[in-house]
Amino acid sequence: MALSYSVSVPAAGSRQWVTVLGSTGSVGCNTLDVIARHPDRFGVFALSGHRNIDLLAQQIEQHRPRYAVVPDVNSQRELAARLPGDHTEILVGTAALEAMAEHPDVQIVMAAIVGSAGLLSSLAAARAGKRLLLANKESLVVAGDLLMSAVQQSGAELLPIDSEHNAIFQCMPGEHRLQGVASVLLTASGGPFLNFTAEQLEQVTPEQAVAHPNWSMGQKISVDSATLMNKGLELIEACWLFGLQPADVEVVVHPQSVIHSMVRYVDGSVIAQLGTPDMRTPIAYGLAYPDRIDSGSAALEFTAQLGLSFDQPDRGRFPCLRLAEEAIAVGGTCPAVLNAANEVSVEAFLQRRLSFPQIAHINELVLNQLAHEPATSVEQLLGIDARARALAKAAIEART
């Protein structure tokens, strides 16, 4: 079930209200930057944050949302103490995230919560028929069929914000997206360890892994980029978004991150979307679609020495990509298992409890231990998620 909908264009001069879920992360901050450039078009209805209460307080003071959501009562008290006024109501918990995603006064929801924690609020926005700007790839990885079904049933507009999927979306014709398409090419920077040997990968540190050569991202996605798990999750996401089979998606290493992805057509043409590596470009595209607005991104200078190069990914040194390919080929609950194991193993690596190569080892161990079944409900998937996390934590404990 691929993306297919008629676009709702707001009336001239009307202001659209945006809920930004995960506003203190990299995508959330960039979203607020783009919104601030267009105060006549967009207003901030609600923000949510997790750990960075100081930054959330600053965002509230600047953007004056009606609501803010934090994870617990302690965070609520801490945030309230930092706000001089009472113009923003502070809500608590997962149910509040869902309420802000489906609120009748909201037209656009930016889903930028990292990991499977963003699933329920993404589903709420889809079921409520919102324009859903999906930066949380795990929602599709874990519950692709359920999310795409919700979009189709409600008439929601799902616009991908990952730079690669946004690029593919731009390279496909609007009404009949798969007409004449032979394959899509997902570009991968290769991360900071592209040319490392297996021996060197054993010694890498969390500080090295989060230092991406091109993009400014959060810690978890930076590690995923370094292991190529991020590209594997994006492959799964592309299959759901565009109605593709895994064999229709080619992963190409492109270290410069100038071409964000490409679409290959049956007549031999290849259409690519290019730009500087700046998340504000796909964010602005999603906010204003089908219009184009200033994002704040620097222009791509073709007179500079771009030096574009391409290569095949090395699945031997970076087996997480292979694991993702195997997971989507099996389908059902398998991608949810992989995603849960990976979130736990990446966290353990960042805590120096696992080596870099052991991330893939734990992921594969959990994949092989849990039986896979057809995905039927959110409750089932959340249960599978919990079991996979428990297995991953036990496997990590056994190694440390």
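These figures come from a predicted structure and were not determined experimentally.
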Is it the case that the side chain of D162 and the backbone of H165 share a donor-acceptor pair, with hydrogens and angles ignored and the cut-off at 3.5 Å? no

Residue pairs passing the side-chain hydrogen bond (donor to acceptor under 3.5 Å, both in side chains) test where at least one lies in residues 318-339, sequence neighbours excluded: R315-E325, R322-E326, R322-E364, N339-E343

Stepwise, does the side-chain contact (heavy atoms from CB on, under 4.5 Å) test hold for D311 with V252? CA-CA 6 Å; D311 203 350; V252 180; over 6 Å; no

State, without any angle test, whether D248 and S183 hold a side-chain donor-acceptor pair at a distance under 3.5 Å. no

Short side-chain to backbone donor-acceptor contact, K130 and H103, under 3.5 Å: yes

With a 4.5 Å heavy-atom cut-off, do N342 and K220 have their side chains touching? yes

Members other than L194 in its cluster, when Ile, Leu, Val, Met, Phe, Trp, Tyr link by side-chain heavy atoms under 4.5 Å? V253

Can we say R41 and D291 salt-bridge, meaning some charged N sits less than 4.0 Å from an Asp/Glu carboxylate O? yes

Using 4.0 Å as the upper bound for N to carboxylate O, is an ion pair formed by D40 and R15? no

Under 3.5 Å: donor-acceptor pair, side chain of H254, backbone of H260: no

S163 side chain to N166 side chain, donor-acceptor N/O pair below 3.5 angstrom: no

Same apolar cluster (I L V M F W Y, side chains within < 4.5 Å links), M262/V266: no

Is the backbone N or O of V27 less than 3.5 Å from a side-chain atom of T31, with the two atoms forming a donor-acceptor pair by type? yes

Please answer whether the main-chain N or O of E237 pairs with a side-chain N or O of K137 as donor and acceptor at a distance below 3.5 Å. no

Within a strict 4.5 Å, meaning less than it, do heavy atoms of the I113 and L97 side chains meet? yes

Do other residues, nucleotides or ligands put more than 12 heavy atoms under 6.0 Å from D86 CG? no

Using the six-membered ring wherever Trp is involved, compare the ring planes of Y285 and Y289 and label them parallel, tilted or perpendicular (cut-offs 30° and 60°). tilted

For atom CZ of R51, decide whether the heavy atoms of other residues, nucleotides or ligands shown that lie under 6.0 angstrom number more than 12. no

Quick check: F318 with F193 (ring centres under 6.0 Å apart)? no

Going by side chain to side chain donor-acceptor pair (under 3.5 Å), name the residues that satisfy it together with T281, two or more places apart in sequence or in a different chain. S297

Can you list the residues that meet the salt bridge (charged side-chain N to carboxylate O under 4.0 Å, His left out) rule with E78, with sequence neighbours excluded? R82

Check for a donor-acceptor pair, side chain of S154 on one end and backbone N or O of A150 on the other, with a separation under 3.5 Å. yes

Please determine which of S116, S121, S122 meets the side chain to side chain donor-acceptor pair (under 3.5 Å) test together with S139. S122

Side chain proximity check, I60 to H87, heavy atoms < 4.5 angstrom: yes

Mind checking salt bridge (charged side-chain N to carboxylate O under 4.0 Å, His left out) for R292 and listing every partner two or more places apart, or none if nothing turns up? none

Sub-4.5 Å side-chain heavy-atom contact between L83 and I90: yes

Donor-acceptor pair, side chain of Q152 and main chain of S149, under 3.5 angstrom: no

Tell me, do E250 and R264 make a side-chain contact under 4.5 Å, heavy atoms counted? yes

Short side-chain donor-acceptor distance under 3.5 Å, T276 and D278: no

N/O donor to acceptor pairs below 3.5 angstrom from side-chain atoms of residues 43-50, sequence neighbours left out:
unit_1	atom_1	unit_2	atom_2	d
S48	OG	G22	N	2.8

So, E347 and R389, do they make that salt bridge, N to O below 4.0 Å? no

Strictly distance-based, threshold 3.5 Å: is any side-chain N or O of Q107 a donor or acceptor partner for the main-chain N or O of D105? yes

